[in-house]
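Written below as structure tokens is the structure these notes are about.
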Amino acid sequence: MSDGLFTPVELVEALYDRLPERVATARRRLGRPVTYAEKVLFAHLRDPETAGVERGTDYAEYQPDRVALQDATAQMALLQFMTARLPRVAVPTTVHCDHLIQAEHDATRDLLTANEAHREVYEFLRSASAKYGIGFWAPGSGIIHQVVLEHYAFPGGLMLGTDSHTPNAGGLGMAGIGVGGADAVDVLTGRPFGVRVPRLVGVRLTGELNGWASAKDVILTLAGLLTVKGGTGAVVEYFGPGARTLSCIGKATICNMGAELGATTSVFPYDAKMAAYLAATGRADLAALADGVAEHLRADDDVEVHPERYFDRVVELDLSTVEPHVTGPHTPDLTRPVSRVAADAAAHDYPVAFTAALVGSCTNSSYEDMSRAAHVARQAAAHGVRARTPLLVTPGSEQVRATIARDGQLAALEDIGATVLANACGPCIGQWQRTDLPPGTRNSILNTYNRNFPKRNDGRAETLSFIASPELVVAQALAGRLDFNPMTDPLVGQNGEAFLLAPPVAPELPESFDPGESGYVAPPADGSAVEVVVHPGSERLQVLEPFPAWDGADLLDCPVLLKAAGKCTTDSISPAGPWLRFRGHLDRISDNLFSGAVDAFTGETGRGVNALTGATEPFAGIARDYQRKGLRWVAVGDENYGEGSSREHAAMEPRYLGGVAILARSFARIHETNLKKQGVLPLTFADPASYDLIRAGDRLDVLALAGLAPGRPVTIVVRHADGTSDTVETTHTLSAEHVAWFRAGSSLNVLTGR
Ligand code: MIC
Ligand code: SF4
């Protein structure tokens, strides 16, 4: 089809035509059999004969098949694309309006409010999509990753998305990589996507899930094992007999949350479950094509036999031993089986009686998820039991919503008290007008989402967010307790009868999907006459001015704006929730800089000491003051700085307000790239202990920048207020191209020839 509702068959055919030859090249160049991820990557290399192959060291250039943008990141991506002054995007691309809709009442009312509140932004995205040949998915049509799985993902493909959960496409055997807008703009303008050749983590699955265990519990278990850093710079490749037992959508859940391990992407090899999903979503033709090249859409045989020869790390997981898990609070790798919740809660004083249950988000909002949740709900309703907490349900797409409305799952959930919200991100990204509880109350909430950083869902630091599977969230909502174990604990029915819930039984797929009221708008064949308007006085959108080029001098006398204590995620650097309003306006959104970060010197969140005045102020205000007075500044972080989202605002804001370098013990991949793209230096302490040398009131000199080069350490002199100083060595991962971005002021300046 050519209207952009699906990935064009010709594109898939062309890829599959070159697949055998590319796989042969991969085997020849690597001198051994190859894994599935290596096949996909080789199939998309710009130059398969000469590209570097050294994992974790070489940079390589890939040509993705498609790009997906969501409304909260698309604004900045498209504003950057516009500066390139090209008539159309170079690869099939879609925009998805999912992040800006606020959950307050129900789907209908909330959608009306969103259309009103975000009219200007939606109009910008709609007109820019029409002008540049981009498929536009209007508000209400669904969450980007669910819609991509239903329409665009295909086995063996490679795509970029300006959202960190783009790896969700791995459920259909597509390598989806989450990137910042500037990376996406490279591909939209016809340039390749450059990234370090990823390391490979192999997960061998055996056995089969049973009882209450679900795909969600597989990834929660792995997150506990691998931690939030365990996948950094790696592709997580699943294989083994257990993989073939998981539904396509279950695989997507697992790949989706690979982002929480820091993985570049996650993939499952093509199998019959994927073929069934393709057929159910109207793409039997793609399944037939994939069947024709099936041997190239999985790892070579020896990989399953001797995985240790191929992967940097191999994890074995017997699915039959996986237990239902509850994860949290505050980090997605703090997990335990449900049977251990009571003990953990007692030890850490977590409130076990939780205040809200939420089912949805890109990771768990499919037909199968809703069906398993509904199966539990029906059992409760038969005994007259309803949810004891508010139960908020967000279907992943209009297609899922219409189908579960038709097939009865929606009614089953409503029967136990659920409120159905718009098909959108909603409370997963802080778009939750919470009225059930006064602010300031320490409380727990339980959801099926993927991230649980403080303040993420309701903007309140006092809320502890826990994660579990849809069926467990519904079961626990019936009891109102995080330590309720449906396998052993009975519920009490309306007549006083005790009953045990049976484990969920539900179809993986409907006979056919009901598309509902599709919100898809195809771009016109020729969009050149379409006007894209950015009003000069707007508080929502602002035309981008290029960042200044590096002046050639070392960065001297830089105050430390922030030394972050503990986790400093992108939610700490540039929170979402109410700030999503300003995602298209760099100046306005910069006011949230570091507002969720904890200052190591004062212990305060969002505020630090202004070195010039001695006053304690919000970080954005201090940065603006330094900038006005001609001072450039640095920020210091701990491990995995910039963990979480792909939002490039977290890199653009420091740049815009005069930040020149971030020093950290380590960086999360997407954020590190975003910093480089915007001309900020991400520097890693050569000795992690150097973090401790940074004191309040220090001034830093970042030296010898004229010699900045790949692999060459950067020396920093830390001058303390008492007149003493320390010399600190830092390393970096800048390639020659990245150094050029720094010199030009940003990658965009290089792209546009400034
Ligand atoms: C998230 O889950 O944090 C988001 C909101 O989807 C982000 C993107 C954004 O900040 O707009 C992500 O994961 O990349
Ligand atoms: Fe949306 Fe949440 Fe998924 Fe991010 S993680 S894309 S906010 S549903």
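Ligands are counted one by one from 1 in listed order, and the atoms in each one are counted from 1 as well. Residue numbers count from 1 along this sequence.
- Within the structure, the closest approach of R456 to ligand 2 falls below 4.0 Å when heavy atoms are considered.
- Between F619 and F594, the ring planes are perpendicular. Angles over 60° get that label, and only those under 30° would be called parallel.
- The ligand atoms of ligand 1 that sit less than 4.0 angstrom from a heavy atom of D163 are 4 (C), 6 (O), 7 (C), 8 (C), 12 (C), 13 (O), 14 (O).
- Residue contacts with ligand 1 for I429 involve side-chain atoms from C-beta outward but no N, CA, C or O (heavy atoms, distance under 4.0 Å).
- Listed by number with element, the atoms of ligand 2 under 4.0 Å from a non-hydrogen atom of H165 are 5 (S).
- Between T73 and ligand 1, no N or O atom pair is found at a separation short of 3.5 Å.
- Remark: among candidates A72, G360, C428, the nearest residue to atom 2 (Fe) of ligand 2 is C428, based on non-hydrogen atoms.
- When distances to atom 1 (Fe) of ligand 2 are checked against a cut-off of 2.8 Å, C425 contributes an N, O or S atom below that limit.
- Looking at E648, R451, Q75, H99, it is R451 that brings a heavy atom closest to atom 3 (O) of ligand 1.
- Within ligand 2, the atoms closer than 4.0 Å to a non-hydrogen atom of D163 are 6 (S), numbered from 1 in the order shown.
- Those atoms of ligand 1 with a heavy atom of S645 less than 4.0 angstrom away are 3 (O), 7 (C), 8 (C), 9 (C), 10 (O), 12 (C), 13 (O), 14 (O).
- Looking at atom 8 (C) of ligand 1, its nearest protein heavy atom turns out to be Q70 NE2, 3.1 Å.
- Using a 4.0 Å cut-off between a side-chain N of Lys or Arg and a carboxylate O of Asp or Glu, E120 and R540 do not qualify as a salt bridge.
- At least one side-chain heavy atom of T232 sits less than 4.5 Å from a side-chain heavy atom of K229.
- With rounding to the nearest 0.5 angstrom, the NE2 atom of H96 is 11.5 Å from the CD atom of Q146.
- Atom CD1 of I662 sits about 8.0 Å away from atom CG of L562, to the nearest 0.5 Å.
- For ligand 1, one of its N or O atoms has an N or O atom of S164 under 3.5 Å away.
- Near N450, the atoms of ligand 2 lying under 4.0 angstrom from a non-hydrogen atom of the residue are 5 (S).
- In summary, the atoms of ligand 2 found under 4.0 Å from a heavy atom of H99, numbered by their order in the structure, are 1 (Fe), 4 (Fe), 6 (S), 7 (S).
- Each of the following atoms of ligand 1 lies closer than 4.0 Å to a heavy atom of R583: 9 (C), 10 (O), 11 (O).
- Here the two rings, on F136 and Y520, have centers that are 6.0 Å apart or farther.
- We find that E648 and K677 are not joined by a salt bridge, their nearest charged nitrogen and carboxylate oxygen being 4.0 Å or further apart.
- A side-chain donor-acceptor contact under 3.5 Å links D110 to the backbone of H105.
- Those atoms of ligand 1 with a heavy atom of A72 less than 4.0 angstrom away are 11 (O).
- No option in S397, S141, P395 other than P395 meets the side-chain contact (heavy atoms from CB on, under 4.5 Å) test with N423.
- Here the protein heavy atom with the shortest distance to atom 3 (Fe) of ligand 2 is C362 SG, 2.3 Å.
- Salt bridge absent: E672 and R669 never bring a charged side-chain N and a carboxylate O closer than 4.0 Å.
- At least one heavy atom of R456 lies less than 4.0 angstrom from ligand 1.
- Nearest-residue assignment for atom 10 (O) of ligand 1 (options R647, H165, Q431; heavy-atom criterion): R647.
- Classification of R647 and D571 as a salt-bridged pair holds, one side-chain N sitting under 4.0 Å from a carboxylate O.
- Note: H118 and Y122 have perpendicular aromatic rings, judged against thresholds of 30 and 60 degrees for the angle between ring planes.
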